[in-house]
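What follows is a single structure, written as structure tokens, with notes after it.
Just so it is clear, the values below take in all heavy atoms, side chains as well, and ignore hydrogens, waters and symmetry mates. Atoms within a ligand are numbered from 1 in the order they appear, just like the ligands themselves.
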Amino acid sequence: MEDETVHYDGAAGGWGSVGSLAHALARDLPGPAVADTLRRQNKPGGFMCVSCAWTKPAKPHPFEFCENGAKATFAEMTKRRCTPDFFAEHTVTDLKGWKDHDLEMQGRLTHPMRYDAGTDRYVPCTWEEAFAAIGAELKGIDPKTAVFYASGRASLETAYLYALFARMYGHNNLPDSSNMCHETTSVGLKTVIGSPVGTCVLSDFDQCDAIFFFGQNTGSNSPRLLHPLQEAVKRGAKIVTFNPVRERGLEVFKNPQAPTEMLTGQETRISTLYFQVRAGGDIAAITGLIKHVLAADAHSHATHGKRVLDTDFIAQHTTGFEAMKAKVDATGWEAIEKESGLTRDELEQAARIYIEADRSIAMYGMGLTQHVHGSDNIAALTNLWLLKGNIGRDGAGISPVRGHSNVQGQRTVGISEKPELVPLDRIAEQFGFEPPRDEGLNTVKACEKILTGEVKAFIGLGGNFLRAIPERERMEEAWPRMRLTVQIATKLNRSHLINGRVAYLLPCLGRSEEDRQASGPQTVTVEDSLSCIHGSVGKNEPASEHLKSEVAIVAGLARATLSPNPKAPWETWTADYATIRSRIQQTYPDQFDRFNERLFTPGGFYRGNTARERIWKTKSGKAQFTAPERLNAMGVGDAPERWRLITMRSNDQFNTTIYGYSDRLRGIEGTRDVLLMNPEDIAAAGLTEGQVVGLASDAEDGVDRRVGGLTVTPFLLPRGCIGSYYPEMNPLIPLWYHDQASKTPAAKSVPVRIVA
Ligand SMILES: Nc1nc2c(c(=O)[nH]1)N[C@H]1C(S)=C(S)[C@@H](COP(=O)(O)OP(=O)(O)OC[C@H]3O[C@@H](n4cnc5c(=O)[nH]c(N)nc54)[C@H](O)[C@@H]3O)O[C@H]1N2
Ligand SMILES: Nc1nc2c(c(=O)[nH]1)N[C@H]1C(S)=C(S)[C@@H](COP(=O)(O)OP(=O)(O)OC[C@H]3O[C@@H](n4cnc5c(=O)[nH]c(N)nc54)[C@H](O)[C@@H]3O)O[C@H]1N2
Ligand SMILES: [Mo]
């Protein structure tokens with residue numbers, strides 16, 4: 001069957017990645033500083049990549065960047081400029097007809113711009129004018145009707161000031177991209193082990209015996225993680241993957257930094273076992289694994305062998321084991337096989353590896369978090385990990401792979417709609433004001449209130465909100481009813497073309513650029529997936545002399561909006577970011593001890609994690625087993641003509657930024673308008689390869705949601721699952737279709753119908 005489907009035979013990494021980079025270089029024309037910039041990427045004293053959040057090792061490789069990290073750097077260093085002349089030539093209505101890729105390809109924004117409704121154009125303005133107008137608008141509305149969104153790129157310094165600005169102004173409406181991403185982790189993992197983030201550190205990867213991957217595409221989305229994986233495989237560790245798609249990077253890897261591997265064609269097989277679980281089928285698969293582990297334990301117990309379960313750990317550190325076990329015992333294999341799409345024997349092979357490994361790491365990504373019962377996915381995975389005491393010891397743990405380069409850190413320093421997660425008493429004392437204590441709006445709730453017209457103002461600190469959220473079409477209609485919209489960005493995107501009555505587009509420095517302030521060049525900081533904090537120093541000449549740093553923009557907006565407060569010296573903070581870090585340290589003394597002294601610690605400084613110490617900050621004070629309530633993580637069951645749509649990222653995009661049309665690692669070239677389908681499903685549905693079809697959302701709420709123009713393409717997916725790209729498919733996702741506990745939109749098992 002494999003031969004009939006579109007696929008890629010090469011390895012992840014290898015010459016393919018070199019070729020792809022050459023293409024990106026030719027497209028972005030990043031200029032002569034590029035080699036030097038790449039050399040400093042992700043190194044102590046250098047700048048931290050703006051692509052993914054994977055950790056930066058203490059002993060970096062000569063080139064500590066991947067194909068996608070380099071592409072992100074080129075994209076920031078591009079010679080192309082999106083100037084006032086460009087905006088004079090094109091009306092905003094015109095630009096709405098352009099593709100995302102073409103908007104971003106205009107290059108870096110150079111001037112602050114105001115939207116002029118009369119001419120339907122962006123026109124240049126001064127920073128003073130922009131700040132004053134935005135401040136006046138914000139002063140004219142109830143603060144609770146404003147939303148301050150953040151995409152996960154802005155530094156710790158910017159994020160801390162942004163959250164402080166929101167609270168001094170009077171709201172906790174601080175949704176961020178994490179609300180569409182790992183919020184399921186922040187809520188789900190916190191409930192069961194008391195930590196909203198993963199428990200592993202880099203050295204665990206040198207000591208583990210097995211790594212299990214659930215729904216994370218390492219080869220495209222965090223390629224530098226392939227290095228520790230390759231090393232783990234070479235020393236005999238086993239890797240087991242559960243993913244509906246056979247992702248190339250988890251199959252084979254050729255290290256582009258190892259000359260012999262490149263010249264001899266040598267490659268490393270990454271996954272020992274690879275299971276194409278059905279989308280939404282992970283709770284079932286994990287329940288099967290748990291059944292096998294429990295059976296093996298019962299057997300060795302009966303025969304006086306070594307226990308498989310870590311009974312001391314379970315007794316001392318956990319609660320809920322018996323109820324979980326009873327539920328799993330009562331669950332039959334037939335249901336497990338049907339829901340997971342995997343056989344009992346296949347699950348036994350995977351369970352064997354887990355049973356035999358002394359130390360196991362669980363890694364996961366959007367394949368677990370973006371489901372209606374995503375939190376149940378995480379609870380199920382934690383059950384399995386607790387059975388053998390695989391949390392809180394070296395070489396073991398749970399390690400969600402985070403997305404944006406500082407998305408985890410933004411949460412650490414106060415960007416949260418949930419007031420209980422922020423030390424508000426300390427902030428009140430530090431800055432002499434009474435912060436709001438009511439829960440703010442997350443992404444889904446913000447969208448709901450934009451639809452009803454209750455939200456009057458939106459500020460976007462980076463990102464492409466309107467493109468990233470579900471229910472795009474209704475949201476675009478409602479958006480212009482807002483009084484004020486402000487977008488702080490490096491490049492033009494779709495969200496900049498839908499405007500409130502007063503609208504500004506504010507261009508900012510990128511992380512690879514030198515950030516000069518009154519006290520001299522500044523350092524910013526980010527937190528990676530493994531909770532290590534790194535200083536980042538940009539050295540490149542800014543794309544335009546009119547750019548401001550994100551810190552300076554946030555401080556400018558705050559000064560124009562808030563009444564003066566001697567305890568909040570926005571100008572001093574802008575002049576010297578070390579003064580912001582001192583405040584962060586005061587607010588979070590346990591995690592940011594000696595912050596300014598430790599900026600350039602090789603490998604970053606670890607801010608600690610109580611779950612790693614087996615201190616459980618849960619309700620019960622113990623790690624929590626959860627009796628599974630269901631086997632299917634999708635919001636609805638199977639029905640005739642209902643398909644489970646997976647929205648996918650290609651290797652040639654960073655979220656809504658489409659670098660190009662080559663999904664090299666999946667063998668899909670030249671187009672993103674595809675409907676990927678199992679060949680047997682194509683035949684069974686009476687379709688033919690190459691036929692152009694549409695999708696309609698299969699939600700009975702009276703709203704017609706459709707996307708058309710998709711070419712049927714054979715692809716090795718489990719029966720009943722189909723795939724197409726994010727963000728093109730976002731109009732199909734109802735706003736209410738999200739994880740129950742965290743409201744993360746459920747973009748990985750969207751019920752749809754195929755329409756002509
Ligand atoms: N080059 C590049 N790098 C990126 C990004 C990018 O867009 N481009 N985005 C960044 C961001 S913000 C994030 S959050 C991360 C995202 O990185 P990932 O977490 O890897 O996210 P996705 O690529 O959306 O999907 C992950 C995998 O889940 C699988 N999957 C889908 N449904 C299921 C399911 O039900 N069960 C299981 N087990 N697997 C399933 C998909 O096939 C896919 O391989 O990457 C970051 N890095
Ligand atoms: N269907 C579906 N929807 C999804 C997902 C999915 O898998 N499927 N994934 C979700 C996930 S995981 C995420 S994280 C969100 C992503 O949502 P966002 O974070 O909102 O989107 P991005 O595409 O990362 O934002 C790209 C824009 O950021 C701006 N930018 C780039 N660099 C900088 C900078 O340094 N500073 C500033 N101020 N701006 C900058 C540029 O203008 C660029 O156009 O999408 C979510 N939506
Ligand atoms: Mo993300």
- Should you measure from each heavy atom of His371, which atoms of ligand 1 turn up under 4.0 Å away? 34 (C), 35 (O)
- When you measure from atom 37 (C) of ligand 2 to every protein heavy atom, which one gives the shortest distance, and what is it? Glu550 OE2, 3.1 Å
- Item | ligand 1 contact by Val277, heavy-atom criterion under 4.0 angstrom | yes
- Item | Element-labelled atoms of ligand 1 that are located less than 4.0 Å from some non-hydrogen atom of Asn68 | 1 (N)
- Message: Would Arg649 and Tyr726 count as a cation-pi pair here, with the cationic atom under 6.0 angstrom from the ring centre and within 45° of the axis?
- Response: no
- Counting both backbone and side chain atoms, is some N or O of Ile488 under 3.5 Å from an N or O of ligand 2? yes
- Query: Just distances here: any N/O of Gln370 and N/O of ligand 2 closer than 3.5 Å?
  - Reply: yes
- Query: Does ligand 2 have a heavy atom under 4.0 Å from the side chain of Ala747, from its backbone, from both, or from neither?
  - Reply: side chain
- Show your reasoning for whether side-chain hydrogen bond (donor to acceptor under 3.5 Å, both in side chains) applies to Gln41 and Thr73. CA-CA 9 Å; Gln41 187 155 331; Thr73 303; 2.6 Å; yes
- Message: When you measure from the heavy atoms of Arg402 to every atom of ligand 1, does any distance fall below 4.0 Å?
- Response: no
- Message: Whether Glu417 and Lys445 form a salt bridge (side-chain N of Lys/Arg under 4.0 Å from carboxylate O of Asp/Glu) is what I want to check.
- Response: no
- Note on the structure: Under 4.0 Å from one or more heavy atoms of Phe242, ligand 1 contributes atoms 37 (C), 38 (N)
- Query: Can you tell me which residue and heavy atom of the protein come closest to atom 41 (C) of ligand 1, and the distance to 0.1 Å?
  - Reply: Asn243 OD1, 3.6 Å
- Item | Residues in side chain to side chain donor-acceptor pair (under 3.5 Å) contact with Asn499, at least two apart in sequence or another chain | Tyr122
- Any idea which protein heavy atom is nearest atom 9 (N) of ligand 1, and the distance to it? Asn655 OD1, 3.0 Å
- Val50 and ligand 2 - part of the residue with a heavy-atom distance under 4.0 Å: neither
- the protein heavy atom lying closest to atom 14 (S) of ligand 1 turns out to be Cys181 SG, 3.0 Å
- Determine, considering heavy atoms only, which of Tyr726, Phe465, Tyr149, Tyr725 sits nearest to atom 20 (O) of ligand 2. Tyr149
- Ring centre gap for Phe86 and His111 strictly below 6.0 Å: no
- Please determine if Arg153 forms a cation-pi arrangement with Phe654, meaning its NZ or CZ atom is less than 6.0 Å from the six-membered ring centre and no more than 45° off the ring axis. yes
- Contact check: Phe214 vs ligand 1, nitrogen or oxygen atoms, below 3.5 angstrom: no
- Selected option - heavy-atom contact closest to atom 11 (C) of ligand 2, from Gln653, His182, His404, Arg649: Arg649
- Message: So for ligand 2, is Ala468 a polar contact partner (N or O within less than 3.5 Å, distance only)?
- Response: yes
- Hey, is the main chain of Asp663 close enough, under 3.5 Å, to the side chain of Asn651 for a donor-acceptor pair? no
- Query: Looking only at heavy atoms, is any part of Met729 under 4.0 Å from ligand 2, and if so is it the side chain, the backbone, or both, or is it neither?
  - Reply: neither
- Which segment of Asn217 sits under 4.0 Å of ligand 1 when only heavy atoms are counted: both
- Report the member of Glu76, Glu513, Lys748, Met648 with the shortest heavy-atom distance to atom 7 (O) of ligand 2. Lys748
- Task: Going by the side-chain hydrogen bond (donor to acceptor under 3.5 Å, both in side chains) test, name the single residue among Asn377, Thr369, Asp282, Thr185 that passes it with Tyr364.
- Result: Thr185
- Query: Going through the distances and angles, do His496 and Tyr115 end up as a ring pair (Phe, Tyr, Trp, His ring centres under 6.0 Å)?
  - Reply: CA-CA 10 Å; His496 309 151; Tyr115 177 63; over 10 Å; no
- Task: I would like to know whether Leu695 and Arg706 meet side-chain contact (heavy atoms from CB on, under 4.5 Å); could you show each step before the answer?
- Result: CA-CA 6 Å; Leu695 292 176; Arg706 275 166 202 266; over 6 Å; no
- Message: Has Trp479 got a side-chain atom pairing as donor or acceptor with Ile498's backbone, closer than 3.5 angstrom?
- Response: yes
- Message: I'd like to know if Asp100 pairs up with Arg467 as an ion pair, taking the criterion as any Lys NZ or Arg NE/NH1/NH2 lying under 4.0 Å from an Asp or Glu carboxylate oxygen.
- Response: yes
- Message: Is Gly280 close enough to touch ligand 1? Criterion: a residue heavy atom under 4.0 Å from a ligand atom.
- Response: yes
- Residue, atom and distance of the protein heavy atom nearest atom 38 (N) of ligand 1 read Asp282 OD1, 2.8 Å
- Query: Below 4.0 Å from any atom of ligand 1, is there a heavy atom belonging to Pro244?
  - Reply: yes
- Give me the ring orientation class for Phe148 and Phe165: parallel if the planes are under 30° apart, tilted from 30 to 60°, perpendicular past 60°. tilted
- Item | Within reach of ligand 2, part of Ala489 (heavy-atom separation under 4.0 Å) | both
- Query: Please state which protein non-hydrogen atom is closest to atom 21 (O) of ligand 1 and give its distance, to 0.1 Å?
  - Reply: Met366 CG, 3.2 Å
- Passes salt bridge (Lys or Arg N to Asp or Glu O under 4.0 Å), Lys56 versus Glu64? Steps please. CA-CA 8 Å; Lys56 290 80 183 154; Glu64 188 57 42; over 6 Å; no
- Message: Quick test: of every protein heavy atom, which one is nearest to atom 13 (C) of ligand 1, and how far off is it to 0.1 Å?
- Response: Gly403 CA, 3.2 Å
- Is the closest heavy-atom distance from Cys508 to ligand 2 below 4.0 Å? yes
- Which of the atoms of ligand 1 are close to Gly365, meaning less than 4.0 Å from one of its heavy atoms? 19 (O)
- Among protein heavy atoms, which sits nearest to atom 43 (C) of ligand 1, and what does the distance come to when rounded to 0.1 Å? Glu247 OE2, 3.4 Å
- Item | Centroid-centroid under 6.0 Å between Tyr504 and Trp127 rings | no
- Item | Minimum-distance protein heavy atom relative to atom 26 (C) of ligand 1 | Gly215 O, 3.4 Å
- Sub-4.0 Å heavy-atom approach of Arg511 to ligand 2: no
- Message: I need the contact type for Asn730 against ligand 2. Using non-hydrogen atoms and a strict under-4.0 Å cut-off, is it side chain, backbone, both or neither?
- Response: side chain
- Pairing of Arg411 and Glu183 as salt bridge, 4.0 angstrom limit: yes
- Query: For residues 726-736, which residue pairs qualify under salt bridge (charged side-chain N to carboxylate O under 4.0 Å, His left out), counting only residues two or more places apart or in two chains?
  - Reply: Arg672-Glu728
- Message: Among Thr744, Asn221, Thr490, which one puts a heavy atom closest to atom 34 (C) of ligand 2?
- Response: Thr490
- Under 4.0 Å between heavy atoms, the region of Ser220 that gets near ligand 1 turns out to be backbone
- Message: At under 4.0 Å between heavy atoms, is it the side chain or the backbone of Arg153 that contacts ligand 2, or both, or neither?
- Response: side chain
